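Single-structure report; data block below.
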Amino acid sequence: MSVYLDYNASAPIDSRVVDFMMDIYKNNIGNADSRTHDYGDRARVIVENARKQVGVLLGVPPEDVFFTSGATESNNIAIQGLREYAEKTGKKHIITTSIEHKAVLETAKHMSEHGYRVDFVSPDRTGRVSADEIIELIDDDTLLVSIMHVNNETGVIQPVKEIESRLADQDVLFHIDATQSCGKLVEEIREIPYDMLSFSSHKMYGPQGIGALVLRRKNYKLPPVKSIMYGGQQEHGISPGTIPVALVGGFGKACELAVAEYKEDEANNSAIKDMLIKMLNESGIKYRINGSLEYSISSTLNIQIEGVSSEALMLSSKQYCGISNGSACTSSNYSPSYVLVAMGMSEESVDQSIRLSWGRNTDVEILKDNFEKLLGVAKELV
Ligand code: PMP
């Protein structure tokens with residue numbers, strides 16, 4: 001059986017989360033906003049408990065957590081939701097990076113087509129953007145700095161902590177897309193006093209279709225974000241519509257498990273990364289790691305195998321390993337990874353690059369056997 005190595009696209013849901021959700025589906029009917037019966041009250045308890053669990057994971061008060069359908073929606077609200085404030089203050093400059101997920105990149109591009117000045121900072125060859133470069137771009141019109149914590153293709157950790165500390169005395173909002181770091185870089189996230197943070201439950205063993213936008217209150221005031229949709233007062237009007245109780249409950253459960261197990265997950269993921277690198281080194285294959293190894297999370301490896309087309313490798317080794325050559329959101333159009341291109345890699349090197357990502361429940365022995373077979377296929381393709 002093939003081993004799943006595409007956790008960055010979507011991590012398998014934890015069976016404990018499934019059990020918890022099944023119980024909600026079976027035993028809790030109703031709308032968490034219904035005030036006229038006990039069913040609504042019980043649904044509301046599940047939602048508010050989940051809000052607490054998300055808050056504990058992130059180290060923020062539960063009332064700063066707003067449920068959304070996922071990081072795409074959260075990112076859109078964090079950026080587009082600032083329009084009214086930008087009009088009022090005249091601050092219409094946004095700083096972001098060229099390696100963001102499309103949910104930020106395309107939203108920022110949209111804003112640039114509607115009167116906003118947007119700077120897209122590119123990383124160096126290590127896949128990291130420079131905090132200096134970002135800080136130097138700030139001027140009186142700067143509304144927002146929006147940076148991802150961990151890049152989904154390379155696993156490279158961006159200097160969000162440094163950027164935030166240098167933004168502290170500026171009147172600039174700071175948004176982090178932490179979709180690939182939540183549940184992993186738990187302590188680092190807890191230490192950063194960002195204004196807004198987005199993430200999705202399904203990257204951390206929760207269900208798909210649910211996520212959060214965290215809006216940190218400063219002096220009891222929320223960041224000046226307004227809804228980009230209309231239709232209800234749920235989630236403070238930030239994300240209107242019926243709250244999906246079982247998804248929210250499952251998301252909360254996934255956060256609770258992350259708090260209890262992130263250290264163990266980290267140790268297992270690191271051991272897998274070391275094993276994969278050792279196997280690559282011993283295989284005799286010529287390969288390069290794309291992006292800094294020092295500043296990368298323990299569950300992602302993006303490599304270029306010299307002389308081997310990633311498309312050919314993925315197709316020929318699909319019975320062994322489920323891997324990818326970029327973000328699932330762009331993989332239907334076969335364009336080369338814009339992240340690796342932004343890092344200055346040649347088109348040929350990008351074409352030879354694959355991403356492996358793993359996590360909780362990855363079976364080391366099955367992985368070892370299957371990765372060995374993938375390396376065998378790669379050797380034949382050189
Ligand atoms: N940001 C990053 C960094 C991601 O990796 C993803 C998912 N690949 C998203 C945002 C979007 O998440 P979702 O598709 O769950 O909305």
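Computed from a prediction, not measured in an experiment: that's the story for all the values here. All ligand and atom numbering here is 1-based and tracks the order in the structure.
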Exercise for the section: Would you mind checking if Arg44 and Asp41 are paired as a salt bridge, meaning a charged N to carboxylate O distance below 4.0 Å? Expected result: yes
Practice task
Inspect the contact between Asp363 and Lys368 and indicate whether a charged nitrogen and a carboxylate oxygen are less than 4.0 angstrom apart.
Solution key: no
Practice task
Check whether any heavy atom of Lys102 sits under 4.0 Å from an atom of ligand 1.
Solution key: no
Handout entry: Salt bridge present between Glu63 and Arg217 (N-O < 4.0 angstrom)
Key = no
Exercise for the section: Using distance alone, determine whether His202 and ligand 1 share an N or O pair under 3.5 Å. Expected result: yes
Practice task
May I ask you to decide whether Arg166 forms a salt bridge with Asp132, counting only side-chain N to carboxylate O separations under 4.0 Å?
Solution key: yes
Exercise for the section: Answer with side chain, backbone, both or neither: which part of Ser200 has a heavy atom less than 4.0 angstrom from an atom of ligand 1? Expected result: side chain
Problem - Proximal atoms of ligand 1 relative to Met148 (non-hydrogen, under 4.0 Å) - result: 3 (C)
Practice task
Check each of Val150, Asp177, Ile210 against atom 2 (C) of ligand 1 and report the one with the nearest heavy atom.
Solution key: Asp177
Exercise for the section: May I ask you to identify, for Glu100, whether its side chain, its backbone, both or neither come under 4.0 Å of ligand 1 on a heavy-atom basis? Expected result: neither
Problem - Glu73-ligand 1 polar pair, N/O distance under 3.5 Å - result: no
Practice task
Please state which part of Thr72 comes within less than 4.0 Å of ligand 1, counting heavy atoms only: side chain, backbone, both or neither.
Solution key: both
Practice task
Return yes if some donor-acceptor pair links the side-chain N/O of Ser74 with the main-chain N/O of Gly70 below 3.5 Å, else return no.
Solution key: yes
Exercise for the section: Give a yes or no on whether a salt bridge exists between Glu84 and Lys226, defined as a side-chain N under 4.0 angstrom from a carboxylate O. Expected result: yes
